[in-house]
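Structure first, then comments.
The first residue of the sequence shown is numbered 1, and numbering continues consecutively from there. In each ligand, atom 1 is the first atom listed, and ligand 1 is the first ligand listed.
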Amino acid sequence: METKYIFVTGGVVSSLGKGIISASIGKLLQARGYKVTIQKFDPYINIDPGTLNPYEHGECYVTADGMETDLDLGHYERFTDIKTTRHNSITTGRIYQAVIDKERRGDYLGKTIQVVPHITDEIKRCIKENATLEHFDFVISEIGGTIGDIESAPFMEAIRQLRWEMGRNAVNIHLTYVPYLHAAGEFKTKPTQHSVKELQSMGIQPDILILRTEHHLEKGILHKVASFCNVEPESVVQSEDMLSIYEVPVNMLHQGLDIAILRKLGISVEEAPIMMNAWYDFLDKQLKATREVHIGLVGKYDLQDAYKSIRESLTLAGIYNGLKVRIHFINSEDITCQNVGVKLGSMAGIIICPGFGQRGIEGKIIAAEYLRTNDIPTFGICLGMQMMAIEFARNVLGYQDANSREMDIQTPHNVIDIMENQKSITQMGGTMRLGTYECKLVQGSHAYEAYGKVILIKERHRHRYEFNNQYFDEYEAKGMKCVGINPAANLVEIVEIPDKRWYIGTQFHPEYRSTVLHPHPLFMSFIRECAQG
Ligand code: GLN
């Protein structure tokens with residue numbers, strides 16, 4: 001089948017869940033046997049979100065090929081199990097960089113470089129690129145931001161042109177918001193009408209409208225929106241709040257969103273069975289997972305989205321273990337030797353979160369000591385693993401001043417050190433050790449058992465600092481074992497204390513590989529142990 005393109009835009013307000021809708025569309029098309037990919041365009045000027053503070057942008061998601069991307073790619077992967085790449089996350093910064101590089105090379109042969117056509121052409125090239133590298137039946141392109149933003153205008157122009165050029169091979173989906181005004185006791189469709197008008201003023205006629213709403217909308221409202229916005233009634237669906245984001249694909253399916261898309265693209269909708277059994281099984285498990293388990297996240301970003309993939313990985317692993325995971329954020333900046341027991345003592349298990357820089361690390365180290373000495377299941381991820389190693393060096397190896405070079409450049413006991421090939425790096429963007437690397441597990445270790453006794457695993461990374469192998473033997477002798485090693489560079493990727501119930505730190509980020517249908521084995525094993533407490 002010739003590749004079809006689906007453009008997803010958003011109106012009225014941000015945070016409507018365009019990423020979840022895009023992922024849900026991907027899921028439904030995939031369930032009909034189509035090969036799908038989903039990409040995100042972010043209208044900001046950063047080249048990628050790698051240098052952004054999580055408070056600005058939430059978590060930075062890392063693809064297998066080492067691109068630092070928007071957290072929506074996490075939704076795409078979790079919903080569809082596809083492996084995204086650097087071609088699935090593109091910012092205005094990257095578009096301009098590509099155009100300026102071409103200009104400097106002289107590729108434009110003396111032309112004046114303009115937003116239209118040069119920037120829009122580059123956007124169009126990026127939209128079409130995925131399908132030139134590999135065949136896809138559908139390419140879903142989600143445009144970040146809200147209609148009317150100055151910075152998203154070139155993207156709108158690009159999809160306008162593509163829809164016009166591609167005709168029936170492209171479809172525009174617009175996600176808007178229908179608020180309920182309590183004082184008036186009514187739903188209001190005016191913001192949606194304005195949003196669609198704004199789109200139309202840019203030459204874009206939405207083919208399908210998805211109305212986000214907190215409460216169920218009666219048919220009359222959908223019809224009203226359809227007639228005001230020049231959209232067929234069967235092409236207006238609603239996305240009301242669900243108990244879990246994983247119910248959204250099924251809600252869209254029940255309203256025929258996939259059929260509306262296929263019809264618009266001129267694809268015949270036979271009785272093609274939609275293979276959603278595994279997804280339904282998962283939803284069934286979710287419904288039955290009622291026993292609560294309380295997990296603490298020790299980190300410094302008091303923002304839901306900052307640890308998105310970790311939260312989702314915990315929730316998913318919980319569901320597969322028949323448990324409802326209750327996540328409690330514990331700010332590491334507030335943890336002291338005096339209050340650590342009160343703050344952490346009632347948790348069934350703790351995640352020591354990833355991060356950068358000095359702020360909040362002493363709290364993570366105090367937490368690690370408390371968790372180790374009280375034998376509470378503990379999972380340290382990246383910086384979290386490094387803090388577990390520093391705590392062990394300070395309190396077991398006897399190096400009171402042990403630290404990471406990241407935090408203390410002078411430290412005499414640099415148990416966490418900068419990686420050799422990072423020393424000469426001066427550019428901060430996109431230069432960490434990023435993406436998938438192999439790791440060889442030590443047979444018989446907890447980690448090896450958790451992975452189902454496989455020797456060689458592959459996980460994604462995002463760091464500059466590493467376990468210092470000069471201390472390897474001391475750690476091993478005193479009981480913290482290095483049980484996962486990268487064979488090519490001899491880097492320590494996993495440490496654990498085998499005498500403890502579950503005390504494992506990973507230099508990599510397993511959370512990026514957890515999906516709805518394939519929860520991550522380490523999270524599965526961690527939650528299983530937490531539930532024993
Ligand atoms: N700041 C640490 C490093 O660069 C850990 C990074 C992380 O947690 N992702 O090595």
Side-chain angles (χ1 to χ4, degrees), residues 48-64 66-69 71 73-74 297-301 303 305-311 313 332-333 350-365 367-368 378-391 393 402-409 411 414-437 439 459-469 471 482 484 486 489 491-495 504-514 522:
D48 60 48
T51 52
L52 282 174
N53 185 320
Y55 280 126
E56 297 271 321
H57 195 263
E59 158 187 294
C60 177
Y61 185 80
V62 180
T63 59
M67 183 78 195
E68 295 170 287
T69 74
L71 60 75
L73 273 80
L297 285 192
V298 172
K300 66 176 170 180
Y301 299 111
L303 174 84
D305 278 355
Y307 306 111
K308 189 80 193 164
S309 294
I310 293 178
R311 285 174 180 269
S313 300
S332 58
E333 286 181 279
I350 296 284
I351 302 270
I352 309 182
C353 290
F356 295 84
Q358 180 74 34
R359 186 165 67 85
I361 65 147
E362 289 305 323
K364 285 184 176 170
I365 295 170
T378 304
F379 192 172
I381 300 178
C382 208
L383 184 71
M385 169 267 197
Q386 296 175 354
M387 294 305 119
M388 287 161 91
I390 290 171
E391 185 279 318
N403 214 330
S404 162
R405 276 262 200 263
E406 180 181 3
M407 316 305 168
D408 178 3
I409 195 104
T411 178
N414 52 337
V415 293
I416 304 296
D417 203 358
I418 187 151
M419 279 181 276
E420 200 49 47
N421 55 7
Q422 287 284 332
K423 288 183 180 161
S424 57
I425 287 175
T426 52
Q427 297 263 29
M428 287 297 118
T431 54
M432 280 186 257
R433 179 174 182 244
L434 290 165
T436 298
Y437 288 91
C439 171
E459 295 285 358
R460 301 185 201 174
H461 299 70
R462 183 174 184 238
H463 65 117
R464 283 186 212 285
Y465 296 83
E466 61 166 328
F467 182 92
N468 184 345
N469 277 331
Y471 294 92
C482 303
N486 169 255
L491 294 181
V492 172
E493 302 275 26
I494 311 178
V495 295
I504 300 182
T506 64
Q507 185 60 78
F508 51 78
H509 292 260
E511 70 274 21
Y512 297 140
R513 236 168 37 80
S514 237
L522 277 181

Looking at E493 and R433, is any side-chain nitrogen of the basic one under 4.0 Å from a carboxylate oxygen of the acidic one?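 A salt bridge is present here (some side-chain N lies under 4.0 Å from a carboxylate O).
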E406 side chain reached by L383 side chain, heavy atoms, under 4.5 Å: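 Heavy-atom side-chain distance check passes, below 4.5 Å.
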Any non-hydrogen side-chain atom of M432 less than 4.5 Å from a side-chain atom of F356?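 When only atoms from C-beta onward are counted, F356 and M432 do touch, with a gap below 4.5 Å.
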Neighbour list for ligand 1 [protein residues, heavy atom under 4.0 Å]: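 Residues within 4.0 Å of ligand 1: P354, G355, F356, C382, L383, Q386, E406, R462, H463, R464, Y465, H509.
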Does D417 have any side chain to side chain contact (heavy atoms under 4.5 Å, CB included) partners at least two apart in sequence or in another chain, and if so, which?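 In terms of side chain to side chain contact (heavy atoms under 4.5 Å, CB included), with neighbours along the sequence ignored, D417 is linked to R405, N414, N468.
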With sequence neighbours excluded, tell me which residues meet side chain to side chain contact (heavy atoms under 4.5 Å, CB included) with E466.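 Expected list: M419, L491.
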Scan residues 420-432 for pairs that pass salt bridge (Lys or Arg N to Asp or Glu O under 4.0 Å), counting only residues two or more places apart or in two chains.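 Counting only pairs at least two positions apart or across chains, the salt bridge (Lys or Arg N to Asp or Glu O under 4.0 Å) contacts touching residues 420-432 are E420-K423.
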